[in-house]
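First up is the structure itself, then whatever we jot down about it.
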Amino acid sequence: MSEPTVDALLGALSEAAELGAGRVPEAELEAVRRIAASAGERRALSSEHTVVGLFGATGSGKSSLMNALAGEALARTHVRRPTTSEPLAAVWNPRGASALLDWLQVSDRRIMERPFAAGQELSLIVLDLPDFDSVALEHRAIAERLAGQVDVLVWVVDPQKYADAVIHRDFIAPLATHAAVTAAVLNQVDRLPADEVQHVVGSLRGLLRRDGLEGVRVLPVSAVTGEGIDDLRALIARFAADRKAASQRLAADIRGIAGRLEQSGVPGKVRSADVQQLERGLGAAANVEAVAQAVAGSYRKRAGQVTGWPLTAWMLRLAPDPLRRLHLALGRERGRDAEVHRTGMPPMSAAQRAQAGTAVRAYADAAATGLGEGWSAAIHEHAADALERLPAELDRAVARTDLGARGSWWWPLLAAIQWIALLAAVVSGIWLLLPVLLPLWGMVAPTIPQVEGTATWLDGWPVPLVGLIGGVLLGIVLGLVGALIGGAVGASRRARARRRLRKQVHAVAQEVVVLPIEGERERAREFAVAVARAAGRKR
């Protein structure tokens with residue numbers, strides 16, 4: 001598979017920066033902007049020239065090495081440090097190099113007549129740079145700036161300081177992604193016993209590997225004796241001949257900042273248990289159970305009013321209907337605008353708000369797992385916005401729920417039987433009173449028939465008495481039966497109302513909490529994919 005082009009890497013990095021705005025540290029975004037600007041500027045300049053920078057600490061012998069590479073005394077060397085205060089450029093094939101050197105802000109330029117490598121016409125610029133550990137801060141600033149601009153980095157160390165922790169931690173390790181355009185030179189090997197040179201080279205190679213620069217070539221060199229100079233010249237000539245160093249350097253810069261952006265993390269998976277916990281908390285805050293109980297209570301009350309014994313059922317009308325008291329509909333009512341209607345339920349108590357807050361924050365914590373501080377803060381900001389909206393949204397959800405508390409088909413049937421039984425009892429009672437009342441008015445009392453021929457204990461009982469007692473008992477029994485059926489159906493309606501309310505709570509949780517947070521997580525995923533592409537990987 002071919003390597004992604006610099007354009008592709010830059011495009012992915014720009015996409016990542018756009019997605020990460022406000023989510024990743026501004027310093028990182030500023031670094032992205034600097035790299036994009038630097039890449040554009042470098043690509044607009046000479047693509048023929050390869051810029052090689054010699055970087056090193058005080059006393060590493062960069063200037064002597066520069067003179068050895070050039071084959072003449074270009075750079076000033078001295079025992080006093082620092083010797084180099086301004087960058088010095090040795091230029092082979094100067095055509096087109098001027099604008100590039102202006103961009104590098106290198107004014108001291110030497111045009112080289114002698115070929116850098118025999119038999120090759122190379123377009124090359126070698127820079128002798130100020131010490132990056134210089135006590136003069138302006139010298140160090142120049143070295144740091146050009147470390148971000150040159151195409152090839154050559155780290156020059158000496159046997160005394162090659163293992164200096166500050167050099168590796170502050171200067172070499174931060175550019176670990178640039179191994180493809182990096183070389184290391186162990187200078188002044190003439191000061192080492194011959195049998196120790198390879199040992200020191202191996203030690204330096206191990207330090208570079210620990211810095212992240214796996215596979216970087218380490219060359220033992222002496223600018224005094226000329227040992228290794230030809231090898232170093234050949235390595236630099238190969239960079240210049242390939243003409244890939246500038247693009248490789250830009251790609252390394254992009255991968256470097258992409259590696260820093262990867263610290264923002266990748267969102268983990270939100271478990272179904274996290275969503276269920278959120279919905280349970282919101283259900284408790286919305287008083288789902290209390291509303292479901294009110295549905296059952298309303299159904300039992302209205303069933304008792306209709307099907308209970310008429311002589312006592314009227315008393316149930318004196319008690320308030322649990323649903324009506326909450327301004328909740330028995331079912332879907334014509335003309336009722338559920339989107340603007342509010343229940344009569346009291347505002348969320350402190351405990352209910354705490355339940356909702358705990359549930360939402362727990363979900364936000366789960367959703368932010370694996371993400372950096374900026375993304376986590378954005379997710380928790382969505383959670384805070386959701387908590388502001390939830391009381392009204394949950395109340396509206398309860399108001400628009402079809403609670404299914406309407407009456408049942410058996411109510412009028414049982415009510416009709418009740419009234420027939422009551423009518424029979426009343427008629428029987430009047431019939432029993434006629435023999436007493438009619439004589440008082442001078443009228444002939446009727447004969448009261450008796451029950452006969454049943455072969456039961458009822459034989460001999462007055463028929464009206466049987467009708468009176470039977471009507472009353474039937475009414476009471478029907479009332480009890482109606483209460484039992486009403487309780488069972490009420491429990492079923494309670495369960496159904498609970499399911500419907502939870503469905504509405506689920507919809508509110510999705511709309512107000514889950515979807516905004518998931519949108520943020522999706523943005524974080526897209527950011528991570530863009531960063532991976534900028535780093536030259538596929539996610």
Side-chain angles (χ1 to χ4, degrees), residues 275-306 316-363 382-408 411 486-487 489-518:
V275 180
Q276 291 169 3
Q277 182 181 358
L278 169 67
E279 292 177 3
R280 281 195 299 270
L282 297 187
N287 271 323
V288 165
E289 193 58 37
V291 174
Q293 291 289 357
V295 169
S298 174
Y299 185 89
R300 289 194 302 269
K301 173 186 180 300
R302 289 179 292 113
Q305 289 175 196
V306 175
L316 291 175
R317 298 182 183 275
L318 301 178
D321 187 297
L323 282 181
R324 295 295 188 186
R325 187 171 54 190
L326 297 177
H327 295 181
L328 292 173
L330 304 179
R332 297 212 178 275
E333 294 184 355
R334 185 175 300 172
R336 178 186 178 89
D337 188 350
E339 293 305 314
V340 299
H341 185 74
R342 291 293 183 271
T343 71
M345 298 174 66
M348 277 190 187
S349 65
Q352 289 172 318
R353 285 184 175 273
Q355 283 179 308
T358 300
V360 171
R361 282 188 287 271
Y363 181 80
H382 283 298
D385 292 341
L387 283 174
E388 291 294 321
R389 293 179 55 194
L390 276 172
E393 292 295 338
L394 289 173
D395 189 81
R396 191 156 37 229
V398 172
R400 66 171 172 255
T401 302
D402 181 2
L403 298 173
R406 293 179 295 273
S408 297
W411 288 7
V489 176
S492 174
R493 296 291 177 90
R494 178 179 61 229
R496 183 170 66 179
R498 186 187 295 118
R499 289 194 301 272
R500 291 179 177 179
L501 286 166
R502 286 175 177 171
K503 185 176 180 180
Q504 290 294 332
V505 169
H506 169 80
V508 170
Q510 289 292 318
E511 179 183 351
V512 179
V513 182
V514 175
L515 289 181
I517 289 179
E518 192 55 37

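No hydrogens, no waters, no symmetry mates; every other heavy atom, side chains included, goes into these values. For clarity, every value in this text was computed on a predicted model and none was experimentally measured.
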Are any non-hydrogen side-chain atoms of Leu387 and Arg361 less than 4.5 angstrom apart?
-> yes
Mind checking side-chain hydrogen bond (donor to acceptor under 3.5 Å, both in side chains) for Glu518 and listing every partner two or more places apart, or none if nothing turns up?
-> Arg521, Arg525
Taken in chain and number order and not counting sequence neighbours, the residues that satisfy salt bridge (charged side-chain N to carboxylate O under 4.0 Å, His left out) with Glu279 are none
Scanning both residues in full, the closest heavy-atom pair of Gly486 with Ala303 reads CA-CB, 4.5 Å
Report the residues that fulfil salt bridge (charged side-chain N to carboxylate O under 4.0 Å, His left out) with Arg502, sequence neighbours left out, ordered by chain and then residue number.
-> none
Output all residues satisfying side-chain hydrogen bond (donor to acceptor under 3.5 Å, both in side chains) with Glu393, sequence neighbours left out; order by chain, then residue number.
-> Arg396
Calculate, to the nearest 0.5 Å, the distance between atoms CG and CZ belonging to Asp395 and Arg400 respectively.
-> 10.5 Å
Under 4.5 Å between any side-chain heavy atoms of Arg494 and Tyr299, yes or no?
-> no
Between Ala356 and Ala285 the two heavy atoms that sit nearest each other are CB-CB, 3.9 Å
Looking only at heavy atoms, the pair that brings Pro516 and Val512 closest together is CG-O, 3.4 Å
Nearest 0.5 Å please: distance from the CZ atom of Arg496 over to the CG atom of Leu501.
-> 12.0 Å
Is there side-chain contact between Arg493 and Ser298, with at least one heavy-atom pair below 4.5 Å?
-> no
From Arg389 atom CZ to Leu394 atom CG, the distance as rounded to the nearest 0.5 Å = 10.5 Å
Sub-4.5 Å side-chain heavy-atom contact between Ser408 and Val489 = yes
Minimum heavy-atom distance Leu316-Gly304, with the two atoms named = CD1-C, 3.4 Å
Test item: Leu282 and Val360 side chains (from C-beta on) under 4.5 Å apart, heavy atoms | yes
Within 6.0 angstrom of Gln305 CD, more than 12 heavy atoms from elsewhere = yes
Identify the heavy atoms of Ala286 and Val505 that sit nearest to each other, and give their distance.
-> CB-CG2, 4.4 Å
OG1 (Thr358) and CG (Leu278) are apart, to the nearest 0.5 Å, by 11.5 Å
The side-chain hydrogen bond (donor to acceptor under 3.5 Å, both in side chains) partners of Arg500 (sequence neighbours excluded) come to none
Sort and list the pairs that fulfil salt bridge (charged side-chain N to carboxylate O under 4.0 Å, His left out) and have at least one residue in residues 282-292, not counting sequence neighbours.
-> Glu289-Arg498
So, for Ala359 and Gln277, which heavy atoms are closest and what is the spacing to 0.1 Å?
-> CB-O, 4.2 Å
